[in-house]
Each structure stands twice: as C-alpha cells, then as structure tokens.
Protein chains: 2
Amino acid sequence: MKATIKDVAREAKVSTATVSFVVNGIDKVKKNTKERVLLAIQKLNYVPDQAARAMIKKKTKTVGLIVPLLTNEYWAELAEQIQEELILRGYTLMICTAGMKSAELTINSLLERNVDGVILSGRIASVPDDHYIQMFMERRIPLVSIGQIHKEVTSVWGDNLNSSRELVEHLIQQGNTKIAYIGSISTGIGRELGYRNALAIAEIPVDETLVRNGKLEDVHNFSQYGYHTMKQLVAEKCEFTALFGANDLIAIGAIKALQESGLRVPHDVAVAGFDDIAMAALYSPSITTVKQPIGEMAGSVVAALIEQIEQPDGPSMVRKIRFPMTVVVRESSISPKGGYKN
Amino acid sequence: MKATIKDVAREAKVSTATVSFVVNGIDKVKKNTKERVLLAIQKLNYVPDQAARAMIKKKTKTVGLIVPLLTNEYWAELAEQIQEELILRGYTLMICTAGMKSAELTINSLLERNVDGVILSGRIASVPDDHYIQMFMERRIPLVSIGQIHKEVTSVWGDNLNSSRELVEHLIQQGNTKIAYIGSISTGIGRELGYRNALAIAEIPVDETLVRNGKLEDVHNFSQYGYHTMKQLVAEKCEFTALFGANDLIAIGAIKALQESGLRVPHDVAVAGFDDIAMAALYSPSITTVKQPIGEMAGSVVAALIEQIEQPDGPSMVRKIRFPMTVVVRESSISPKGGYKN
DNA sequence: TTGTATGCGTTATCAG
DNA sequence: CTGATAACGCATACAA
C-alpha cells in the first residue's frame, strides 16, 4: 500500500500539516521535528500524490505538447528538448502525436488532465485547423506555438524566409538557374517564399512547373512524398539542375528517386534540404541544409509558456520570437556539373 | 472558470450524483433527465476532472513509457504505436526519455503521478540498472518491458538471436567469410550471439579483432559510434569484406566511414544493420537489415500491461513473448566484390 | 429513479 | 512552532 501523508504524520508523531510544511520546504518547523518527519518519509517511501495536490492548488504542473508525429527526427528532438527544459522547472510533459487517427482522443486527454499549458507545433490532422486552438483559448489555457499558427498565439519560430533565401542563393551561386522546389502545406509557406525571393533577386523567372506543393497529410511520409514527386518531375522531363526540398526528408526521398533514375547527386542535380536532422550529415551524399536552433527554440517556448502560466493576470502580450538559422553546406550541393537536360 | 460537476447539476436542476451517472454511462437515469444533463454538459463545456476521479478510484488511467531517447526512430515509432494502442483503451501515455541528465527527475514524476503501469524499453542512463525496476516492483506497479530486462518482468521482444543468425548467414552466402561486428552494450547480447552462431555453423572461426562492443552510453549516438569504430577498424588494417552493425544507425555510421576511406558499399564491403528504421530503405545504398514487427510488439506489451493492471489479484504470471523478425535484403549486402585487403 | 452524505490525499486557514 | 479542520471535484453507498 502506498504511504500517504497521514501515515507519515502518524509515524513521526506529528500532524499532517507539519508533514506538509516539511515536504514543501516551508521553513517554520523546528529542526528536531523536521528530522523526525524526514526520517518517516524515507522509511515509508512517501511520495506526495500530485493528483491530490493538483486539486487544491489548481495547478497540475503538467504541460501538453502537440506534434504531428515522433518518427520525424525534427519533432522528436523538439520533444526531447522541451521535456528536458520543462522537467528542470518542475513540470511534466505529456506528448500528443496528433497525426494519428486517435488525435482527438489524445488531445482531449489534455483537457481532462487539466494541463497548465500547451505547446503546439505543426498541424493537427483530421480536424478543422483552428478547432483546438479555439478550445484552448476559450478555456484560458496558456498556449504557445512553434512555427506560426495563429496570430493571437505567442510563437517561436525560425526565420524560414531569409534562411531559405540564403540557401537558394547558395544554389544559384553554384551555377544553378533551373531550380526545382518540393514542399507541402505542412512545411509552411515561408520556405517557398524564400525560394521565390532568391530567384527574384537573381532575376531568374520562376518556372512554375518546377514548383511542387503537396496539399495533403504527407506529414507521415515526407520522404515518400519527396521520392514520388521527384519521380514525377523526371517523368515529365522537366529541366532542372538543382532541387530545394522543403525539409531534409523530402530531399532524401528526392535524392533516392534521382539516383534510381540514373542521376547523380550533386553531379547531375544539386540538392538542398531544411532542418538539419542528424541524417542530413550522415546521408550519402551528405546534405546541404539549414540548421534550426532547436535547443534554443525549445528553451524559448518553454520560458514563454511558463511565464504565461505563472502570471496569468499580467498583460501577457502575444509575442513573436524569431530565431535566425544557419545554412550548412555539405556535399549534396557543391560540385561542378553538366546540368540535366532530358 | 472551468465547469465542475456541481455547475452541471445546478444547470440541469439535478443532483451531482445524477450527473455522475450520466457521465459514467450508468444506466439508471430517466431518458428525460439524461437529456437535460447532457444539454447542460454541452452548454458548460464540462469535462470531468481526472485528478479528482483518480483520487477515489485509485486509478489514474495513465501509463509511463521509459525509453532512452526519442531521436532514434526505433523508439520514436515504438512510442507512437504504444500511445495509439493505449489511447484506444482509455489510457494516457507519459513518455520519459531516460537518456538525458534529467532521467531521474522524469522517472520520479511517474511515481508522483501514480501511473497505473510502466513500460520499459532499453537501458536507463546514469543510474544503477535495476534501481528503478526494484522501485516499481516494490510499489507493486505493473511493469512490462520490451526487450529482455529482468527475469521477473513480463517482456515482449524480438528474436534477436535467430534473426541475426539468419542475417549473417545471408552475408556468408554472399561469399563473405571475414565479417566484422559492431555492437554495443545497449544493443543487447542476442545479436552478437546470432552472429557468432552463424559463423560457428559455417565453421568460420571468429576473429575477435573484428568484434567491437562499445560499453558506454553511445545510445545517444549510435551512428557516431558506428562511424568511429569503423574508422578504427580501417586504421588498424583489419581484413574484412562485410560488416554486421547491431542496428541500422551503427551500420549507417559505418558506411559513412567506409565511403570516406574510399571503400564502396557493397562493392568492397557488404553491410547489414538491424531494426529496419525508415531510413534503412532510404539510405543510399539501401540497407539490408532485420525488420522488427513494432506494431505487433506494441500491441502485445500494451495488452499484457493492461491485463496486469486490470486484474491485479489474478495469478499474473511472468510471461516472455517472443516475436519472429524478418530479414530484409537490400542493396548494401548484395553485390559481387573483390574483398578488402589493406 | 434521484438525492444526500462521505471520503480520497493534499494544502491552507486558523487557533493554540 | 504545531495541530485541527475545511476545502478541492468527483464517485458511490445509502436513503428516499
């Protein structure tokens, strides 16, 4: 049987209130008594029940994280970092993978468990987009997001626009002018805009047949999406000498497709991705990409969220925190090549 | 303000007990009353408070999952599948990544939150191995594991021994006799034994200089470990024509190292991995590996755990459930080659 | 069929 | 400094 505060009180021959004081570090207990209590706690292996505590304090010390899935290294790392950050501040994390059929059930459990706040990243599947955001806001549950999601929500995100522009400029500097883009709704508009801006600045007209934007829940399989889209591009005999994939998995899938079609990367086609997942450095060829400062972003969202949680009455402005990201040049983009004409 | 059961009762002009009956589907409420209650619930956006419910029921409907990290696709997928499985049965999952410095804090929070059960997979960092297992057992918290961890714990695992034997036999059939092995403490002994068995059956003596076993917490960076170990192997001028990496990331790291040393895979060295993470199929060359039936394994652990949770008095034998796994042959192992002699 | 009363483990408010 | 005791939100035995 699990020991309760009463058991400890009995064991130490004090009242439950005294035990509570000791447990919570409220310093008005005589040293002597305190030690007796501590001893009893240890002897009985007492651990305070968070549920009971939550009832009166109206704080569960729990926050929810909603991500599309965990099998994408980007979100996995985000989740890890956020958990680390939260635990050090005394909070527990509940992760919801919203990409599955059970998304609604999972998110509902956040409500039932009265999380103190929610961190949102990426889109939620199978539900009208703003639905849950509305729900959290109505309930006054502090909400922050990673990536732009809603204008009234404090959010932290990377500067997709400028970094993808830089990345595409790098491709242009390598001598490429026919540059394809493969993105999707869930990779956001910023990266595509950066691509367009870079071309505009270099006065290269955009060939719309080279711009591909998947609409769907390819979120579960970016690599597959990249693979198929590249196969199409090749099948349609599009002319291009470089590809900007809106994330690394898309880029990897595309490289696979290129190689199967007998095209070499970077010799025939230069490729760049986005996010700098670990695999980007490990892939063969290693992939030129943009590194997101995930650790810092995690620290930043957590700080913003906790601030909101712990001073709920304050003005608590909606903030938009943008992080610069850095282009990482690797093998996949840096080689002289003859170009690909089909 | 969040609506409570009292608010609903007042709104519907019934007692709290009646509301509770409706909420819990206890069918002794007149249809008429029931509808009034349902209406009030909807109007007030009432969601029952799990903390309060947990207090009386002594069940939190929460289970903890302890994995080393999430940025390894294997564990990420496991976590996803387990969550899906649990949520459908009305449970919520709390994921602990035990590979970080904060491991103890995280696991402690499972205790504080009174999880109904725990699923354990992989090793826990920074703590004497059995410490937490002991703790859970002492507290009679139902515990199951993925992979062999403790003989008194029900566990589900893949048949590493036989599948890795099959895999190595495949390498032998391809004409390799000098086969290196790179594993680590955290990949378990089974895979190494399978390797040794395959060699024994083929009457190939084991060259111990080709067997590498990292002792440490390389768990965070299998690929890096594979990379460095392969670099060593090459630097030491070891003779081998094939490599069995105890998981796919190790294999990928090793391939990277081989390529940097000017060796081609599979032309000069054949490589095989283990787990069949998504990247195994996407890598270039695609990687021969062993596919773990993660979905089925997840279903199986969850079933076993919930059985233990929901009939805690029953005999509840310790069970060992073994799943067969299948060898997946891909590019990295299938090619005629000249062999590598340094 | 519905309502009343009690207790779950904790903290906070008062007395002492 | 320490001890009683009243909440917190809910489920349930018992009463009506």
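Numbered from 1 within each chain, the chains take letters A, B, ... in sequence-line order.
Taking the side chain as every heavy atom from C-beta outward, Lys57(A) and Gln50(A) never approach each other to under 4.5 Å. Side chains of Ile66(B) and Ile119(B) form no contact here, defined as non-hydrogen atoms less than 4.5 Å apart.
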Are any protein N/O atoms closer than 3.5 Å to N/O atoms in nucleotides 5-9 of chain D? If there are, list each pair with its distance.
residue: dC8(D); atom: O3'; partner: Lys58(A); partner atom: NZ; Å: 2.7
residue: dG9(D); atom: OP1; partner: Lys58(A); partner atom: NZ; Å: 2.4
residue: dG9(D); atom: N2; partner: Ala52(B); partner atom: O; Å: 3.4

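Among residue pairs with one or both ends in residues 33-45 of chain A, those qualifying as salt bridge (charged side-chain N to carboxylate O under 4.0 Å, His left out) are Glu11(A)-Lys43(A); sequence neighbours excluded.
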If you apply the rule side-chain contact (heavy atoms from CB on, under 4.5 Å), what do you find for Met94(B) with Leu65(B), and how did you get there? CA-CA 6 Å; Met94(B) 279 188 45; Leu65(B) 169 67; over 6 Å; no

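For dT2(D), neither phosphate oxygen OP1 nor OP2 lies less than 4.0 angstrom from any side-chain nitrogen or oxygen of Ser15(A).
Backbone-only engagement by Lys30(A) is indicated by non-hydrogen atom pairs under 4.0 Å involving sugar-phosphate atoms exclusively. Note on Val14(A): only backbone sugar-phosphate atoms sit closer than 4.0 angstrom, heavy atoms only; bases stay farther off.
Under the side chain to side chain contact (heavy atoms under 4.5 Å, CB included) test applied with Leu305(B), the options Thr154(B), Val63(B), Ile82(B) reduce to a single match, Val63(B).
Between the side chain of Ser109(B) and the main chain of Ile107(B), no donor-acceptor pair closer than 3.5 Å is present.
Atoms NZ (Lys61(B)) and C1' (dC10(D)) sit 16 Å apart, rounded to a whole Å. Straight-line distance from the CD atom of Glu35(A) to the C1' atom of dT2(D): 17 Å, rounded to whole Å.
Where DNA chain C meets chain A (any atom under 4.0 Å from a heavy atom), the bounding nucleotides read 5' to 3' are dG9(C) to dA12(C).
By the 4.0 Å N-to-carboxylate-O rule, Glu310(A) lies too far from Arg89(A) to be salt-bridged with it.
Residue Lys320(B) qualifies as enclosed at atom NZ: its count of foreign heavy atoms under 6.0 Å is above 12.
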